[in-house]
Amino acid sequence: MAKSCDNRQDEFVARLSRTVAGRAEGESALAALRREFLDGVERRDPVMGFSGEVFARVIADSPTLLARLLNGSPKR
C-alpha cells in the first residue's frame with residue numbers, strides 16, 4: 001500500500017512540474033496549475049485524491065486509515 005501511495009505522490013509532483021514546464025506562452029505558473037487542478041477535479045482524478053464516495057467512506061469509518069490520512073506522509 002505504501003508503494004502505491006508513494007507512486008501517486010511521485011506522479012502528483014511530476015504532473016505539477018510537467019504542467020508548469022508545458023504551459024502556454026504568457027500563462028503564469030499559477031494559472032497553469034489552477035487549470036490542471038480544475039481539470040483533475042472534473043476528471044475526479046485519483047492521483048489528485050479523488051477516490052470516490054465508497055472508498056472515502058471506508059477511510060472515514062476507519063480510525064487507523066483516517067489517522068494515517070490526517071498525519072500525512074513522510075514526503076510532506
Side-chain angles (χ1 to χ4, degrees):
M1 174 108 170
K3 180 108 172 109
S4 176
C5 182
D6 286 346
N7 288 342
R8 285 195 178 180
Q9 287 177 339
D10 292 345
E11 171 56 27
F12 182 78
V13 170
R15 187 178 296 173
L16 296 176
S17 296
R18 286 192 307 270
T19 298
V20 171
R23 69 188 188 272
E25 186 175 329
E27 182 180 30
S28 72
L30 181 59
L33 292 171
R34 182 176 190 276
R35 175 180 41 78
E36 175 63 23
F37 176 76
L38 293 175
D39 288 348
V41 169
E42 189 172 315
R43 292 189 310 270
R44 301 190 64 80
D45 188 336
V47 172
M48 296 178 73
F50 296 99
S51 56
E53 188 175 334
V54 173
F55 185 74
R57 178 59 38 212
V58 169
I59 300 295
D61 289 345
S62 167
T64 302
L65 294 175
L66 187 57
R68 173 73 172 139
L69 175 66
L70 295 176
N71 288 330
S73 76
K75 289 190 174 188
R76 283 190 177 177

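Numbering starts at 1 and runs along the sequence shown.
- Both Leu65 and Leu70 are members of a single hydrophobic cluster when ILVMFWY side chains are connected at heavy-atom separations under 4.5 Å.
- In terms of heavy-atom proximity, Arg23 sits nearest to Ala32 at CB-CB, 3.7 Å.
- Considering every non-hydrogen atom in both Ala60 and Leu66, the closest pair reads O-CD2, 4.0 Å.
- Taking hydrophobic clusters as Ile, Leu, Val, Met, Phe, Trp and Tyr residues chained together by side-chain heavy-atom distances below 4.5 Å, Val13 does not share a cluster with Leu33.
- Cluster membership check: Ile59 does not share its hydrophobic cluster with Val54, using side-chain heavy-atom separations under 4.5 Å among Ile, Leu, Val, Met, Phe, Trp and Tyr.
- To the nearest 0.5 Å, the span separating CG on Leu30 from CZ on Arg35 amounts to 11.5 Å.
- The pair Arg15-Glu11 counts as a salt bridge, with a side-chain nitrogen and a carboxylate oxygen less than 4.0 angstrom apart.
- Minimum heavy-atom separation, Val47 to Asp45: N-OD1, 2.8 Å.
- Heavy atoms from other residues, nucleotides or ligands lying under 6.0 Å from CZ of Arg44 number 12 at most.
- For CZ of Arg34, the number of neighbouring non-hydrogen atoms (other residues, nucleotides, ligands) closer than 6.0 Å is 12 at most.
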